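Computed from a predicted model, the values in this text were never measured in an experiment.
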Amino acid sequence: MAAWDHTADLMALYATIHAGKQYQRDHFHPYRELPPTPQHDLDDPGAEYDRLIALESQKRGP
């Protein structure tokens with residue numbers, strides 16, 4: 001695991017330098033996962049509201 005951490009850190013550093021955007025170890029590490037990205041759509045507040053209401057009703061059940 002330590003060897004993969006080292007290799008993934010180097011790959012993230014090289015990718016960040018050459019691609020111009022920020023990469024993390026988890027982008028390249030086969031045994032780690034990125035945290036899930038939020039599915040927010042703040043450009044359309046109505047759609048976001050509907051999504052949250054649907055999510056809340058799923059939690060409550062029928």
Side-chain angles (χ1 to χ4, degrees):
M1 185 65 101
W4 269 113
D5 287 343
H6 178 263
T7 302
D9 282 336
L10 286 175
M11 292 174 70
L13 176 65
Y14 293 146
T16 298
I17 290 170
H18 293 290
K21 69 180 210 180
Q22 188 68 32
Y23 287 94
Q24 299 173 3
R25 166 194 304 176
D26 300 338
H27 285 106
F28 301 99
H29 200 296
Y31 301 111
R32 295 185 190 264
E33 293 182 11
L34 288 172
T37 56
Q39 301 297 322
H40 305 289
D41 183 13
L42 299 180
D43 292 333
D44 186 2
E48 181 64 13
Y49 177 77
D50 293 339
R51 186 188 71 79
L52 290 173
I53 294 299
L55 183 66
E56 197 59 36
S57 66
Q58 287 177 357
K59 288 181 183 177
R60 291 184 193 159

Rounded distance [0.5 Å steps], [atom1] in [X] versus [atom2] in [Y]:
X	Y	atom1	atom2	answer
His18	Leu13	NE2	CG	8.5 Å
Asp5	Asp26	CG	CG	9.0 Å
Arg51	Asp44	CZ	CG	12.0 Å
Met11	His29	CE	NE2	11.0 Å

Seminar exercise, completed: Heavy atoms of Arg25 and Ala12 approach each other most closely as N-CB, 3.9 Å
Exercise. So which heavy atom on Tyr23 is nearest to which on Ala15, and how close?
Worked result: CD1-CB, 3.5 Å
Problem set entry | side-chain hydrogen bond (donor to acceptor under 3.5 Å, both in side chains) involving Asp50 - partner list, sequence neighbours excluded | none
Seminar exercise, completed: Going by chain and number, the hydrophobic cluster around Tyr31 (ILVMFWY, side chain to side chain under 4.5 Å) further includes Met1, Trp4
Problem set entry | Pairs where residues 13-22 contributes a residue and the test salt bridge (Lys or Arg N to Asp or Glu O under 4.0 Å) is met, not counting sequence neighbours | none
Exercise. Side chain of His6, backbone of Ala3: donor and acceptor closer than 3.5 Å?
Worked result: no
